[in-house]
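Start at 1 with the first residue, then count along the sequence. Model, not experiment: these values are computed from the prediction. No hydrogens, no waters, no symmetry mates; every other heavy atom, side chains included, goes into these values.
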Amino acid sequence: MSRTDAPALRAATGEFCRSLLEAILPAVRLTARHHGYAVAVHGSLSRDIDLIAVAWREHNVSDPDELVRAICGAIAGVTGSCLRQADSTKKPHGRVAFTLIHGGFIGEIDLSVIPPTRGPGVID
């Protein structure tokens, strides 16, 4: 068993992630709504926080990079800092993944963005 698999450490990390999520989620959702997205929580919260932002409006939806910059600002307003780690990663079905490092530095935030399609009813 590695040091990061220790039950006590995993439990503490999970509790930290749940506590952090409770603190940041209202600001993240409000920011995402302003940019035309809805945000949902995905995953167990045992090692990190997995969020999914889905384009929700028909018009005036920000591009993923702009959304992520705004969400980083919202998280920094709660935790004191938030950095986007490296470049985004393209995922299936047009999803774009970002890793965010918040002020607590434990349990990073994995944010997947599903941007708007090119037109109504478009399926790739």
Side-chain angles (χ1 to χ4, degrees):
M1 173 180 354
S2 77
R3 194 175 67 121
T4 58
D5 289 335
L9 183 57
R10 183 172 287 283
T13 300
E15 187 56 39
F16 178 83
C17 287
R18 287 185 289 280
S19 176
L20 177 64
L21 178 65
E22 184 179 316
I24 66 170
L25 192 57
V28 167
R29 284 186 165 154
L30 183 64
T31 300
R33 185 179 320 135
H34 176 76
H35 287 269
Y37 289 82
V39 171
V41 179
H42 172 72
S44 67
L45 299 171
S46 63
R47 290 179 300 184
D48 60 5
I49 298 171
D50 295 306
L51 300 177
I52 302 168
V54 181
W56 206 252
R57 290 193 303 233
E58 189 171 346
H59 302 289
N60 300 321
V61 179
S62 298
D63 67 69
D65 285 319
E66 184 178 347
L67 172 69
V68 171
R69 279 191 299 276
I71 286 177
C72 277
I75 293 169
V78 175
T79 67
S81 68
C82 182
L83 305 171
R84 176 177 153 180
Q85 186 180 44
D87 294 324
S88 60
T89 305
K90 294 198 182 295
K91 299 290 187 174
H93 308 292
R95 186 167 47 100
V96 184
F98 300 86
T99 300
L100 309 179
I101 307 298
H102 53 80
F105 301 109
I106 300 172
E108 59 196 24
I109 299 167
D110 292 329
L111 173 62
S112 284
V113 179
I114 301 173
T117 57
R118 287 168 282 165
V122 171
I123 297 176
D124 291 326

Under 3.5 Å: donor-acceptor pair, side chain of Thr31, backbone of Ala27: yes
Salt-bridge present (Arg47, Asp110; N to O < 4.0 Å): no
Pair His102-Ile24, side chain to side chain contact (heavy atoms under 4.5 Å, CB included): steps then yes or no: CA-CA 10 Å; His102 53 80; Ile24 66 170; over 6 Å; no
ILVMFWY network linking Ile52 to Val61, side-chain heavy atoms under 4.5 angstrom: no
Shortest non-hydrogen separation from Leu67 to Ala53 and the atoms involved: CD2-CB, 3.8 Å
Gap separating the CD1 atom of Ile101 from the OG1 atom of Thr79, nearest 0.5 angstrom: 11.0 Å
Co-membership, hydrophobic cluster, residues Trp56 and Val113, 4.5 Å side-chain: no
Rounded distance (nearest 0.5 Å) linking atom OG1 of Thr99 with atom CG of Leu83: 12.0 Å
Least distance between heavy atoms, Ala11 atom then Arg18 atom: O-NH2, 4.3 Å
Val68-Val41 co-clustered via ILVMFWY side chain contacts under 4.5 Å: yes
Euclidean distance, Arg29 CZ relative to Leu51 CG, rounded to 0.5 Å: 8.5 Å
Ion pair Arg69/Glu66, N-O distance below 4.0 Å: no
Residue of the set Val78, Ile49, Leu21, Ile71 for which side chain to side chain contact (heavy atoms under 4.5 Å, CB included) holds with Val28: Ile71
Inter-residue atom distance Arg10.CZ - Ser44.OG, 0.5 Å rounding: 7.5 Å
Non-hydrogen atoms of Asp48 and Glu108 that approach each other most closely: CB-O, 3.0 Å
Nearest non-hydrogen partners of Arg84 and Cys72, listed with the distance: N-SG, 4.2 Å
Interatomic distance, Leu111 atom CG to Leu100 atom CG [nearest 0.5 angstrom]: 5.5 Å
Where Pro64 and Pro115 come nearest, the two heavy atoms and their spacing: CG-CB, 3.8 Å
Arg57 side chain vs Arg33 backbone, donor-acceptor pair below 3.5 Å: yes
Interatomic spacing from CZ in Phe16 to CG in Leu45 - rounded to 0.5 Å: 12.0 Å
Atom of Asp63, atom of Tyr37 and distance for their closest heavy-atom approach: C-OH, 4.1 Å
